[in-house]
Amino acid sequence: MPTREPARPPGRHVPVRVPARRSFGDVLAGIGALIVLVALVGGVPYALLTYAGPPIRPELLDPGVWTGKVGHTTIMAVLVLMVWGAWFQLFVCVLVEVYAGVRRVGMPARVPLSGGMQFLANKLVSAVLLLFTAGAMVVPLVKLAPTPAAPPVTAVAYAAPIVEQTLETPKTKKVYVVQPPHGRHHESLWEIAEKCLGDGRRYPEIYRLNQAREQPDGTRLRMADLIRPGWVLDMPDDARNVHIVPADQPREQTLREHPGRAHVDRTEPRERGEAEHRRPGQQDGRHADRGEGRHADRGEHAERQDGKRAEQEDETPTDRQPVVITEAQGGDLTQYLAAASLAAAGLLLVLARRRREQLWRRLFGRRIVRPRDDAAQAEIALRLGSDAPGARVLDVGLRMLGAELAAQHRTPPVVYGAHLSARSLDLWIHPPDDDPPAPWTAADGGQIWRLPAHEGRHLPDPRTQPVPGPHPDPETPRVKGPYADLGIPPGRVPYPESRASAGEGRGQVGRAPYPDSRARYGGAHAADAGVRPGGAPYPGLVSIGTDAAGRVLIDLEAAQGLINVRGPQTTAALAALAVELATNLWSDRMRITLVGFGGELTAIAPGRVRAVGSLAEVLPELEAGAAPRAEVLTGRITGSPRSAHYLLSAVAPTHEEARRLALLARRDTAGYVVAGEVPHATWTLEIGDDGKARIAELGFEVEAQLLPRRHYQALIDLFRTAGRLEGEAIPEAEPLAGLHPPAVEIGILGPVEILGLPPLEEGRMELATELLVYLATHVGGVHPVVLGGVLWPRGVQDMVRDATIARVAEWLGPEHLLTDEAGRLRLGPDVRTDWALFRELVRRSRNDPTARAVLLEKALGLVRGPLLAARGPGRYAWLAADDLEYDVTAAVADAAHQLCELRLAHGQPDAAVAAVRAALLLAPDDESLWRDLLRATHATEDTVRLRAVVEGLTRRAGSHPYGGAMAPETEALIEELLPTWRIHVVRESSA
């Protein structure tokens, strides 16, 4: 019945030819179908009532029928009931088909368990409806054929007849010319679809229109995430902000005649739904230009950071340019990277460790290098999307499960998939087992082991429990911890924001919610071996995407065979798998071999990732290192694991390589994911054009987790920036007019404070405070459109943004929130931050040697804690692309170093200690401060006090959430000042 219209060449309008009247055969078929329908719908129940009786006969109502002998009358009654049931099913199918036909809803709803019967009803109803529309009025209408990129159009057979007619249409088409990059920003199909079609999710339409078509440079579009400047792309008929050219015009000629952007029709109405949800930086489909207040194309940046762009627009860039995720700059970075919540949590942890190492080597007067352009937007997306609490539930929940199973001498079950939601962590296991360790519970007949989220958040980590066995020898080299391949040493679990939920800081450190669990962690076999249980039993769990309720993961090892990845976005899917595997925290030791892609991932996880060019390079090694599954699983949970190994290949294997891989995968515990057409794969991960990921063997269908080329490169650039050690100069601050107390003071050097204003009502204070902080730290002014993109990086309605700004203006007063001629907002001169006062005091200290110590002491007295401490989750993500965080940390540490040197030079070691400790409140990861503290404490000649500092520093380094131990320079200084420190530290840890 429903038929799909055939695809036609793009850009051509072809009239649909439909006969104007029905044939005599159609009329006869319709009459026959009507008779059959009447007989089935009305005749069958009449006959049943006449000759067989009602559906429920008295024989079935007799209670004795269930205990006595069954006679022929009872059997007949059951048969009659079955016939009535079949008729009722047919009747429902007819009703569904009639409703769909009369209301013209397109594809009818499916009636469960009625495949063949609904097909029959479909044919009969269609024929009858054709009969009743045969005499309908003839409408002279020509249907314009859709382009192949449009969704399939369903044409029902009972549609009204259309006269055969040809309409003369101009032979033109719409095209878009891919523009050269601005800095590191390259255009993508998502961005072009967002700009020209109003919805970035329509990019597959552009891809299908241009797939394999030759471009002016002789190349062809092969991958949806790889387009080049100078390409001329055919666009759907409803595209705007494009060029209109003759349909047969060569692309080379189009490029010569239209090298730049298309003229923007500013009178064009908004796309449907644009007012409801808009990407940050948009206002009615247009951007407000920050320099002169003029409007620009939606595809133009609302704010640019590079000076060259500013000069081209006849603008003078401010000394700190605000950064906003606009549709052309980073909107789709947020779309992909923020959705990878578990990968984002791992990436941020590794990134923070790299930043800590940068701080180790920071020079006086310089800040660490901060990311820019796409790299900065990538970090914003990671901060927005990171699900550290969920990653902790997954990590600690699996380790606790392994520890409990080890205590019971049980082998962990095969987990072929997992589902992580805000409510629970579900493991799909095989074979079913209805006896999981507490607090896990069984569901669905033991096929699912479930850990409620509220239980998982309070689980103690098995790795923090005391290790049974003899105390370690202080001279024995330290054993690498579970995250050694990520550069994170042994110690506390790296989830700083989850500590409070686990009972820390309330006198409950290490308290287990299940009284017997601590005794059971590491049973007799673990104690005898002197090893720590609680290893990661399922390191191969990796996200493939999300459904409506949460995140879906599969275990690459559970396939016990090859996993085949297919589809037009294969490389993007493999990159997403590789990045999450390389940074996940629910594994101990891991090796990832990437074939044909991903060599740059060594910048993120050099201890885990290696890249090779072909499968032939690694097959012999893999075959030599195969290990049986049961042995590996048991070793993981008892504390003696083997390294997990996973192979991801973007290169299709040859027939012989596929055969060897298949044999290897059946006897090895590793995971093998291979692109291309691989026969006899255990699982096939199909990535569709619609962005869906499907594994038919498991029944999974989710929104795929992908990492297209631009997003992948942004991550690489982000981590390369975190590896640069040369630093950047700290910009000079503009002098303040005076040091008199302001009318409104905003405190950011610690927990955020607003002094001089009454508190707002509950629920509005946090957003209003962030708005004030952003305006106060961007004194050049910020346009409301840019401000909306900063505060709502996922998008916001204009009316919500404007209402928030109006509410803050009323709260501040008109004298404190000003608007300049270009429409930019800025704070009045009587509003000041403690950071501005800090910079002014430090500036004056450089110009007044006699009062330098006093001024530096006053500046450090403003520090109350970490920058913007206790901010809410998801807030202040813009800090990742702003100078503020980097400037504050470096300036506070430098001021403390200067004051420490001055106090020591004047023989005041206690004052030097106080100065350094004040700075450590805000910059605890800057180890130059710890070295200053060691030197100042040593100058007091109090050995007990010095030993306490060393022990505190050692404990902090061992349990640091970001890992990294201590800088080599710090350890060398401790050796110089307190040669016996290692012995005391070992005794302290043993006690």
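The CZ atom of Phe838 sits 11.5 Å away from atom CG of Asp887, with the distance rounded to the nearest 0.5 Å. Expressed to the nearest 0.5 Å, how far CG of Leu715 lies from CG of Leu382 amounts to 6.0 Å. In this structure, the separation between CG on Leu921 and CG on Leu929 is 10.5 Å, given to the nearest 0.5 Å. For the atom pair CD1 of Ile716 and CG of Asp374, the computed distance is 13.0 Å after rounding to the nearest 0.5 Å. One distance of note links CG of Leu856 with CD of Glu901; it measures 12.0 Å at 0.5 Å rounding. If you take CG on Leu347 and OG1 on Thr583, they are separated by 4.0 Å, rounding to the nearest 0.5 Å.
Taking the side chain as every heavy atom from C-beta outward, Arg764 and Trp811 never approach each other to under 4.5 Å. Contact annotation: the side chain of Arg826 never approaches that of Val782 to less than 4.5 Å [non-hydrogen atoms, C-beta and beyond]. By the 4.5 Å heavy-atom criterion applied to side chains, Arg846 and Val842 are counted as neighbours. Taking the side chain as every heavy atom from C-beta outward, Met765 and Ile754 approach each other to under 4.5 Å. A 4.5 Å side-chain heavy-atom check between Leu771 and Thr804 finds at least one atom pair inside the cut-off. Side-chain contact between Ser928 and Trp360 is absent, with no heavy-atom pair separated by less than 4.5 Å. A 4.5 Å side-chain heavy-atom check between Asp830 and Val744 finds every atom pair outside the cut-off. At least one side-chain heavy atom of Leu933 sits less than 4.5 Å from a side-chain heavy atom of Arg917.
Not a single donor-acceptor pair under 3.5 Å links the side chain of Asp373 to the backbone N or O of Ala375. Remark: side-chain polar atoms of Asp932 are not paired, donor with acceptor, to backbone N or O of Val916 under 3.5 angstrom. With hydrogens and angles disregarded, no donor-acceptor distance shorter than 3.5 Å links the side chain of Asp848 to the backbone of Arg852. Not a single donor-acceptor pair under 3.5 Å links the side chain of His906 to the backbone N or O of Gln908.
With salt bridges taken as basic N to acidic carboxylate O contacts below 4.0 Å, none links Glu728 and Arg362. Ion pairing between Arg383 and Glu379 holds under the 4.0 Å rule for side-chain N and carboxylate O. Under a 4.0 Å N-O distance rule, the pair Glu927/Arg356 qualifies as a salt bridge. A salt bridge between Arg903 and Asp910 is absent, with no side-chain N of the basic residue lying under 4.0 Å from a carboxylate O of the acidic one. A salt bridge between Glu766 and Arg871 is absent, with no side-chain N of the basic residue lying under 4.0 Å from a carboxylate O of the acidic one. A salt bridge links Asp883 with Arg370; the closest basic N to acidic carboxylate O contact falls under 4.0 Å. Classification of Arg392 and Asp387 as a salt-bridged pair fails, no side-chain N sitting under 4.0 Å from a carboxylate O.
Among all heavy-atom pairs drawn from Ala605 and Ala582, the shortest one is CB-O, 3.5 Å. Closest approach of Gln358 to Thr721, counting heavy atoms only: NE2-O, 3.2 Å. In terms of heavy atoms, Ala378 sits closest to Ala714 at CB-CB, 3.9 Å. Ala344 approaches Ser386 most closely through the heavy-atom pair CB-CA, 3.7 Å. Ile805 and Leu817 make their closest contact through O-CD2, 4.2 Å (heavy atoms, listed as atom of the first residue, atom of the second, distance). The two residues Glu726 and Arg366 make their nearest non-hydrogen contact at O-NE, 3.1 Å.
Only one option out of Leu757, Leu775, Leu818 pairs with Leu812 in a side chain to side chain contact (heavy atoms under 4.5 Å, CB included); it is Leu757. If you run salt bridge (charged side-chain N to carboxylate O under 4.0 Å, His left out) between Asp925 and each of Arg355, Arg353, Arg354, Arg956, only Arg956 comes through.
Arg931 and Thr970 share a side-chain donor-acceptor pair at under 3.5 Å. If you check the side chains of Asp717 and Gln713, you find a donor sitting under 3.5 Å from an acceptor.
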Check your understanding: Does the side chain to side chain contact (heavy atoms under 4.5 Å, CB included) test come out yes or no for Met966 and Leu953, once each step is laid out?
Key -> CA-CA 8 Å; Met966 287 185 288; Leu953 177 57; 3.6 Å; yes
Practice item. Could you give me the CA-CA distance, side-chain angles and deciding distance for Ile748 and Thr777, then say whether side chain to side chain contact (heavy atoms under 4.5 Å, CB included) is met? Key: CA-CA 10 Å; Ile748 64 174; Thr777 54; 4.2 Å; yes
**Study point:** Stepwise side chain to side chain contact (heavy atoms under 4.5 Å, CB included) test for Tyr876 and Leu791
**Key:** CA-CA 8 Å; Tyr876 298 91; Leu791 299 181; over 6 Å; no
**Study point:** Leu867 vs Trp835, side chain to side chain contact (heavy atoms under 4.5 Å, CB included): CA-CA, chis, key distance, verdict
**Key:** CA-CA 10 Å; Leu867 177 69; Trp835 165 236; over 6 Å; no
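The aromatic rings of His778 and Tyr774 sit parallel to each other, their planes meeting at less than 30°, with 60° as the upper class boundary.
Residues that satisfy the salt bridge (charged side-chain N to carboxylate O under 4.0 Å, His left out) test with Glu580, not counting sequence neighbours, are absent from this structure. Applying the side-chain hydrogen bond (donor to acceptor under 3.5 Å, both in side chains) criterion to Glu840, with sequence neighbours excluded, gives Arg843, Arg844.
Residue pairs meeting the ring pair (Phe, Tyr, Trp, His ring centres under 6.0 Å) criterion with at least one partner in residues 882-902, sequence neighbours excluded, are Phe364-His897.
Annotation: Arg864, atom CZ; neighbour count of heavy atoms from other residues, nucleotides and ligands within 6.0 Å is above 12.
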